[in-house]
Amino acid sequence: MVVTMFAILHELPDRGSFSEDLVKFLSPFILRDFPVLVIAREPCMPSELQKQKFVYLSADCSPLLLEQLASRIQNAHPLFFIGSKPKALAEAVRMSPRLAVETIVKLFYLKSFDYELKERITSFSDQEFLTAFRRVFATNNIRHKNLQSDSFDRYWTRLGLRLTDEEIRELPKPQLHIQIIAKWFPEEMKEIPTVAKEQEIEERIPCDPIAFYSGGLAKNADIIANLDVPRTQYIKSWTDEKGVLQNAWKDKLLAQAKRTLSKKKFCIVVVYGHRGSGKTTLCKRMMHDLNDSSIPIVDLLTETLSPEHKSDETIWFLFRRKAKRGLLTSLIEATRGTEEEQNLVDILWYEFQSLSDKAKCAYGFVTLFSAFGVAVPYSVMEKALLKLTGDQAYFESDTFSNETAEIIYRPKTVSYSSRNRLVADTLLQRFRNDFKYRLLRVMLTSLDLSIPSHRTFFEIITYRKVFQVLTDIEVLIQDIKEGIICHIPDPDICKVLNSILRICQGQGKYQKGKQLAEESLKIWNHARNPAIYLRAYCCYYLGETDEVRKVAIEIAKGTYSPLYILHAAILFHMLREWSEADKALRSFKESVGNDVVLYSEYNKLRPEVNLWLSVSWSDTDIDSLRPSMALEKIESMLVDGGADERTIIDQYKRLIRRQHGFFKGYLSFFCYLHQLLIEDNEDILLERYKVLQCECEYHLGQHEDQYRKYPNDVLSLLYSNLARALFKIDFILKNGYQRRETCNQHFQKAISLKKDNWYAYNWYGTFLKEVIEDRKSAQSHYESAIRGDKNNPVFKHNLALLYYEAPEFSRKDLDKARRLVLDAQDICTSGSKWENFKVYSDEILVKLSLLLERTDLKDGDLLDSDETSPHDVD
């Protein structure tokens, strides 16, 4: 019997048997009359680490946050983590070794922290595991090794974890797993079997892989079991991929070995395979068979090659000491993405930690910029080292040359670079944020932009967005605002802010980017400040299209540099104003002449704008476009006008029937059909809902008849819109909601297919309120929609309306409704997307205020139905 136990035993005290008696748990495995192989791999508390009284744990986060996490773990298991509470210091948190290990592992599982908090990874130490197994299976039957998982190594680096002892010496990364292999044979199987007994055992145990690989006799049952190809092909003949019958490997091995004896030559067998594929055990089997045939062999599997054979620890130490320049760089590149990569990263970090404090400053300063392919000018390096070390003579001393000769060098350009950009990039990931900020601040205060080399260096680092190495960039922005970095001219300060602005854009922080652009324009309000158009890009993503259009019109006039005209064309392209984009591109071409071919953005925009200008409203032209561009063309025609509703509907149908998985196409079409205009009467609305019903039924029929496979998000959209259409048709026809059951099923189907279809929740809530008259379920669905999309005023309006229409007066619920309506109004006034919806919020707010002002009502009083009550909206 083979028993595997992976990460299960450590759960026993808290979740399993609620017992810490491992011996009792393991003992049943040996009380059987057949052999047992137990393989256990468990997370544990490293015994070596327990020798420390306290350890100091740090990570890439505030020590206060780390202290709070450790305290929560300690409070969850007060009887286990005994001792003083964790204490946050300047850069680390002091705590017991066991609590430190538990905190490290919990950091890896923050997404499921509440679940993981119920158990302890450190329930047992590695020595406790080993002792328990030795007690049960006997020491001679146990093999073990301490190891670490690849995921642990990745998390350790990603989170910037570090352990130090009380003397501020860095502790090695803990090995948190132990692997144990235990064997057990019943007493009768430990005897030397007779032929009869052997046959009896053969019948009782049809397959014995242990015997095969440990040199026992090979049985037919082993071959029939066919547990792996190498074992089978070793013993019996086999057929290759061309159908040719091949002799068993054993026969070939013995034949070759006999011939080598007469020729007095060695026979070498090379066995290939991945780790754990059985190469060693197969070699043992070969040696067993060669011995049985009286062929002399030398077994080197378990013997050292010489008395001077080095231990693994010695080899590791020598490798770290000898790893330099090209060798280390090549190894990092060769091992990228493999489990060995982390070990090489540790070499770099060990090398950095071994330097003196002054050399660390020099290495760190050059490394930061080398990671972006920028060499540090000689004079910048000199000034920076003076500020970093406070030593006037260090830069010109022999000590500096000796300490940094192996890690940074000075090329012919009279500047300093890391030995390799790959090394710099790898090491930079280990630097703490405060250290990186210190280096960048020293760089800015060391520059003299009147010197050409300094000016070039500054232009490159702002263009390549070097400041993105900071995880918290607010400190740098604040220092710039407060004038701490004041010796740099205003235009160049703006270049720093604009570089940070671009970083914010890349991270999707458009509001922050807009604020930085405005700050930049305050400092230097000049036509040459790119913040003019950079701000417009942020405004576009914030939905402020009027501001974008205003800036685009202004910079397209030609009063700025030609590059601004190109940016105007890009802004018009983003607004889908093709004729204006065309004018801007023509103006730009006139400004730069033949150099226009050097601008990649122009070469990209010109064909696209030409296409949009040439495509007409005909079927063939629309069909020739990509789905996204065809949809944009339809939507732009809606804005421009000139097409009747029938034509628009036909174009939408052609698009989504041609591209049945195009989610945005369905969404745009259904939004068009749901729109409510002042001039629309019930007949027009009824016709649109019937179109919506037919289109949804067509596509669902295609899917159900297996003509086409539709994705779940599209199916959810189809079911929810079909249910909405049927509900609205019944409402207009006043037929008593004949299809209520069908609608109910469609809404439920839509939500089951896509849990975040928030409009389905909203529409279903209205259906439950109006048709099923289940106000409690309606409230639940409205609340789900609001939780899913807090910035949608429609959902808040409909929930407020539910409270307002309650049959009984409740001041508490009406106050809730009023808060919901005020929230909806704030959303409507914060952006142009919802500005037309504000009229609905204004209407219900007036009615709520009138009801709340009534003094003749108290909680529980019945209310008369209000025929002029506001209504739900889509």
Side-chain angles (χ1 to χ4, degrees), residues 494-495 497-589 591 599-602 604-613 628-629 631-641 664 668 671 791 826-838:
C494 291
K495 286 183 179 180
L497 289 174
N498 294 342
S499 179
I500 299 171
L501 189 162
R502 290 188 176 96
I503 295 168
C504 291
Q505 282 182 318
Q507 296 172 345
K509 301 175 181 177
Y510 301 114
Q511 189 63 48
K512 185 67 186 175
K514 180 184 174 183
Q515 293 172 1
L516 285 170
E518 291 169 351
E519 189 72 31
S520 177
L521 289 169
K522 276 184 191 176
I523 295 173
W524 191 48
N525 190 7
H526 194 277
R528 289 170 54 194
N529 190 345
I532 295 172
Y533 58 79
L534 292 174
R535 179 179 176 276
Y537 289 127
C538 294
C539 289
Y540 172 79
Y541 290 107
L542 292 171
E544 302 170 5
T545 54
D546 292 339
E547 186 65 25
V548 178
R549 187 176 294 102
K550 177 183 174 183
V551 173
I553 293 171
E554 177 63 29
I555 64 178
K557 293 177 180 178
T559 54
Y560 300 87
S561 72
L563 187 62
Y564 282 56
I565 304 175
L566 181 58
H567 282 286
I570 296 171
L571 291 171
F572 282 128
H573 170 270
M574 294 167 70
L575 294 170
R576 296 306 189 243
E577 297 183 6
W578 306 110
S579 58
E580 295 298 326
D582 177 58
K583 291 177 186 176
L585 289 174
R586 291 177 186 273
S587 177
F588 176 72
K589 185 176 181 181
S591 301
Y599 293 88
S600 60
E601 283 297 334
Y602 174 87
K604 177 184 175 183
L605 282 178
R606 183 71 272 180
E608 189 172 343
V609 172
N610 289 342
L611 178 62
W612 279 99
L613 291 172
S628 57
M629 295 184 68
L631 178 60
E632 286 184 18
K633 186 66 178 177
I634 295 171
E635 291 177 340
S636 65
M637 289 294 186
L638 289 175
V639 175
D640 297 338
K664 287 185 178 179
S668 178
C671 286
N791 296 318
D826 289 341
I827 296 170
C828 294
T829 55
S830 64
S832 58
K833 179 180 177 182
W834 294 105
E835 59 186 2
N836 294 331
F837 184 79
K838 190 171 181 296

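The distance from atom CG of L501 to atom SG of C494, rounded to the nearest 0.5 Å, is 11.0 Å. A distance of 8.5 Å separates CZ in F572 from OG in S579, rounded to the nearest 0.5 Å. Once rounded to the nearest 0.5 Å, the distance linking NE2 of H573 with CG of L571 reads 11.0 Å. Rounding to the nearest 0.5 Å gives a distance of 10.5 Å between CG of L566 and OG of S587. Summarising the geometry, atom CD1 belonging to I503 is positioned 7.0 Å from atom CD belonging to Q507; distances are rounded to the nearest 0.5 Å. If you take NZ on K514 and CG on L542, they are separated by 6.5 Å, rounding to the nearest 0.5 Å.
In this structure, Y599 has its ring center closer than 6.0 angstrom to the ring center of F588.
Between Y541 and Q505 there is no side-chain heavy-atom pair separated by less than 4.5 Å. The shortest distance between side-chain heavy atoms of C538 and Q511 does not fall below 4.5 Å. Between I523 and L497, the closest side-chain pair of non-hydrogen atoms falls below 4.5 Å.
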**OP:** Would you check, one step at a time, whether the test side chain to side chain contact (heavy atoms under 4.5 Å, CB included) holds for E547 with V551?
**Re:** CA-CA 6 Å; E547 186 65 25; V551 173; 4.2 Å; yes
**OP:** Carefully, step by step, assess E601 and K604 under the rule salt bridge (charged side-chain N to carboxylate O under 4.0 Å, His left out).
**Re:** CA-CA 5 Å; E601 283 297 334; K604 177 184 175 183; 5.1 Å; no
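Listed for the Y564 side chain is a donor-acceptor partner under 3.5 Å among the backbone atoms of A527. Under a 3.5 Å cut-off, the side chain of Y540 and the backbone N or O of L575 do not form any donor-acceptor pair. When atom types are taken as modelled, the side chain of N529 and the backbone of N525 share no donor-acceptor pair closer than 3.5 angstrom.
In plain terms, the two heavy atoms of A568 and A552 that are nearest each other are CB-O, 3.6 Å. Residues I565 and A584 share a closest heavy-atom pair of CG2-O, 3.3 Å. Taking all atoms of both residues into account, the shortest heavy-atom contact from A536 to V548 is O-CG2, 3.3 Å.
A salt bridge links R549 to E577: at least one charged side-chain nitrogen sits closer than 4.0 Å to a carboxylate oxygen. With respect to D582 and R586, a salt bridge is recorded, a charged nitrogen being found less than 4.0 Å from a carboxylate O.
Using a 30° and 60° split on the angle between ring planes, W524 and H526 fall in the parallel class, below 30°. A parallel orientation is assigned to the rings of Y533 and H567, their planes being inclined by less than 30° (bins at 30° and 60°).
Under the 3.5 Å distance criterion, with hydrogens and angles disregarded, a donor-acceptor pair is assigned to the side chains of N610 and R606.
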